[in-house]
Protein chains: 2
Amino acid sequence: MPPQPRSDTVAERLRLKSGELTAAERKLMAALFDNYPMAGLVSITEFARVADVSTPSVLRLAKKIGFAGFPSFQEQLRAELSAQLQNPIAKHDRWSADAPDTHILNRFASAAMENLSGSLKLVDHRDFDATVALLADRKRKLHIGGGRITHPLAAYLSTHLQMARPGVSLIPAVHSHWPLYLLDIGKQDVLIFFDIRRYDARMLDFAASARERGAKVVLITDQWISPVARLAVHTLPLRIEAPSSWDSNIVPLFVAESLVAATVNASWRDTEARIQELEALSDTGRRGR
Amino acid sequence: MPPQPRSDTVAERLRLKSGELTAAERKLMAALFDNYPMAGLVSITEFARVADVSTPSVLRLAKKIGFAGFPSFQEQLRAELSAQLQNPIAKHDRWSADAPDTHILNRFASAAMENLSGSLKLVDHRDFDATVALLADRKRKLHIGGGRITHPLAAYLSTHLQMARPGVSLIPAVHSHWPLYLLDIGKQDVLIFFDIRRYDARMLDFAASARERGAKVVLITDQWISPVARLAVHTLPLRIEAPSSWDSNIVPLFVAESLVAATVNASWRDTEARIQELEALSDTGRRGR
DNA sequence: TACAATCTGAAATTATCGCTTCACACGCGA
DNA sequence: TCGCGTGTGAAGCGATAATTTCAGATTGTA
């Protein structure tokens with residue numbers, strides 16, 4: 001390997017060494033990237049304070065990535081910033097550093113952002129709020145399920161809701177077990193289904209049976225809307241296109257996380273105690289091992 | 001004297017006073033505008049040297065345009081620069097129609113966008129590309145795992161990679177099964193781990209054992225970087241903050257989907273046939289019911 | 001459990017910076 | 001020519017920043 005090219009940016013040097021950084025050094029790296037490169041253009045004392053480490057740690061990091069001291073480290077940051085300011089195309093720095101626009105990461109990121117803003121226009125926030133009210137109602141049991149592709153989303157939602165409240169059950173991926181789970185669905189229960197194309201006929205059957213048993217169905221689907229919507233009290237249609245052979249489930253995950261956050265907010269009094277209890281039990285479990 | 005007008009930029013203040021500047025002060029103004037505002041972000045000594053005046057002249061200029069001293073003059077320059085660098089991403093057009101900005105959907109969306117653009121800056125795209133090369137190499141077996149929270153992400157990635165190539169296995173969520181899976185990890189295999197805070201000590205152990213058996217470890221983690229990074233050939237650090245009691249896994253999912261798309265692209269010839277075969281088998285299966 | 005290796009920040013030290021003072025230079029009118 | 005006002009920078013003095021040292025804390029290991 002040739003000797004380290006001295007023209008490398010601070011960001012590149014940090015990434016190069018990121019594997020061998022200590023805890024304090026990682027804090028500094030995080031602080032710097034949090035506002036790059038401005039965060040590094042203050043005094044060493046101030047930079048250390050912002051990252052919540054000592055000044056020697058800043059110095060050690062600067063030396064580890066090949067600078068003589070803090071001033072030369074800072075000089076490099078200034079040089080990068082100057083170069084960037086003179087180059088008007090630099091607005092792309094918010095994407096992957098120096099990767100071309102056509103890089104899959106950047107194309108996927110654009111698609112994700114468009115899906116997200118498109119979905120927010122598509123979704124009726126009253127449906128969202130009404131769904132949250134259902135999820136926050138502890139008198140109702142929750143049943144969460146998804147198709148072959150979306151099942152991990154259902155699992156994710158179920159794990160988080162379980163931390164927030166009791167009475168959450170995940171319907172397994174394997175169809176043959178479904179009748180058993182249908183048995184446990186009762187009046188006033190809520191069935192949350194992820195169903196995106198291609199829609200699974202068996203999910204429609206399941207949702208129909210659940211509804212007959214008195215459950216309320218909430219559907220998270222794509223913009224072409226699964227047939228389950230006819231049975232659902234609330235439908236959240238999302239955009240899921242991606243530059244890929246398969247659809248993107250980023251926005252469905254976004255909705256799942258938002259539902260969790262909103263549900264926790266809506267019933268904070270009950271939830272707070274439960275989370276603290278969970279923490280305590282986890283700690284005990286860890287120590288007991 | 002009225003309180004110092006903090007909204008004026010240094011450039012405006014200078015132009016305002018440009019009529020009453022002395023020779024040395026005009027030299028300083030010219031030097032600053034020559035590379036605004038970077039030229040002023042060095043030490044007073046250096047700035048004076050560049051403009052070919054003495055340091056007291058710099059100080060006198062700073063005071064003349066209303067600053068208490070050189071540091072506060074410089075602070076103003078930094079503030080202007082920060083404001084200028086603020087990415088215009090923040091002002092995306094309306095989110096959810098007529099929902100207030102404070103609605104959880106909009107707050108979560110902002111957080112997601114910031115996490116995404118922040119992560120793209122944090123991730124080294126060469127690590128990403130190198131990871132894709134590993135995933136696309138059909139001679140290597142892939143083992144995919146995650147912690148309690150991130151396991152669904154591992155499952156999602158595994159499902160998609162399985163559609164793209166053979167030799168993909170998902171490490172189950174239950175720790176007690178792990179030794180059995182370790183047995184099957186061999187030289188040249190690849191272990192893809194999702195590990196975000198709080199890091200699981202058992203994942204570190206597992207990764208260490210896998211590495212000892214000759215496997216290459218790829219780590220998808222958060223910006224605070226899991227200790228597994230020390231064992232990993234490639235680390236993808238991501239931003240995961242959310243206005244919620246728990247972290248957001250939207251960006252990890254984004255990376256998983258991007259990895260799948262890039263892997264498919266990288267080995268399209270092999271993948272195409274496999275996907276078509278899968279389609280055919282699925283159809284048969286459905287008809288056979 | 002003890003030992004070694006590594007990491008970390010408090011404190012001391014050194015270097016540099018920001019600022020003040022003051023002597024001198026210059027222009028200009030008496 | 002002198003005197004006066006204004007502008008300038010050399011020199012020096014704290015103040016602050018950068019660096020070094022070192023002892024305690026932490027972590028991994030026998």
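Naming: A, B, ... by sequence-line order, numbering from 1 per chain.
- Residues satisfying the side-chain contact (heavy atoms from CB on, under 4.5 Å) criterion with Q223(B), sequence neighbours excluded, are A30(A), L122(B), R239(B), E241(B).
- Where DNA chain D meets chain A (any atom under 4.0 Å from a heavy atom), the bounding nucleotides read 5' to 3' are dA17(D) to dT20(D).
- Checking P71(A) against D52(B), the closest nucleotide of DNA chain D that is more toward the 5' end is the one next to D52(B).
- Using a 4.0 Å cut-off between charged nitrogen and carboxylate oxygen, R49(B) and E46(B) count as a salt-bridge pair.
- Judged purely by atom type and a 3.5 angstrom limit, K64(B) uses its side chain to pair as donor or acceptor with the backbone of E20(B).
- Shortest non-hydrogen contact noted between N35(B) and S82(A) is ND2-OG, 3.9 Å.
- Within the structure, salt bridge (charged side-chain N to carboxylate O under 4.0 Å, His left out) pairs that include any residue of residues 171-195 of chain B comprise K141(B)-D189(B) (at least two apart or interchain).
- In this structure a side-chain-to-backbone donor-acceptor pair under 3.5 Å is present from E80(B) to V10(B).
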Give every donor-acceptor pair under 3.5 Å between a side-chain atom in residues 52-61 of chain B and any protein atom, sequence neighbours left out.
residue: S54(B); atom: OG; partner: S57(B); partner atom: OG; Å: 3.3

When you compare the protein's N or O atoms with those of nucleotides 20-25 of chain C, which come within less than 3.5 Å of each other, and at what distance?
residue: dT20(C); atom: OP2; partner: K63(B); partner atom: NZ; Å: 2.6

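- Using a 4.0 Å cutoff on non-hydrogen atoms, no part of residues 204-215 of chain B comes near DNA chain C.
- Scored by the side-chain contact (heavy atoms from CB on, under 4.5 Å) test, V168(A) finds L142(A), I144(A), S158(A), L161(A), Q162(A), R165(A) as partners (sequence neighbours excluded).
- For F193(B), the ring-ring contact (aromatic ring centres under 6.0 Å, His included) test picks out F206(B), with sequence neighbours left out.
- With rounding to the nearest 0.5 angstrom, the CG atom of L236(B) is 6.5 Å from the CG atom of L259(B).
- Residues from residues 24-34 of chain A lying near DNA chain C, meaning a heavy-atom separation below 4.0 Å, are A24(A) in numerical order.
- Counting non-hydrogen atoms of neighbouring residues, nucleotides and ligands closer than 6.0 angstrom, the CZ atom of R230(B) reaches no more than 12 such neighbours.
- Looking at R213(B), its side chain does come within 3.5 Å of a backbone N or O of L183(B) through a donor-acceptor pair.
- In this structure, the ring-ring contact (aromatic ring centres under 6.0 Å, His included) partners of H160(A), at least two apart in sequence or on a different chain, are Y156(A), W246(B).
- By the 30° and 60° cut-offs, the orientation of the rings of F70(B) relative to F47(B) is tilted.
- A distance of 4.5 Å separates CZ of F33(A) from CZ of R15(A), quoted to the nearest 0.5 Å.
- With no hydrogens or angles considered, a side-chain donor-acceptor pair links D129(B) and H103(A) at under 3.5 Å.
- A heavy-atom distance below 4.0 Å to DNA chain D is reached by none of the residues of residues 40-50 of chain B.
- Separating the CG atom in L120(B) from the CG atom in L238(B) is a distance of 9.0 Å, to the nearest 0.5 Å.
- One can place CG of L61(A) at 13 Å from P of dG9(C), the figure rounded to the nearest angstrom.
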Between N or O atoms, less than 3.5 Å apart, protein on one side and nucleotides 3-6 of chain C on the other: list the pairs.
none

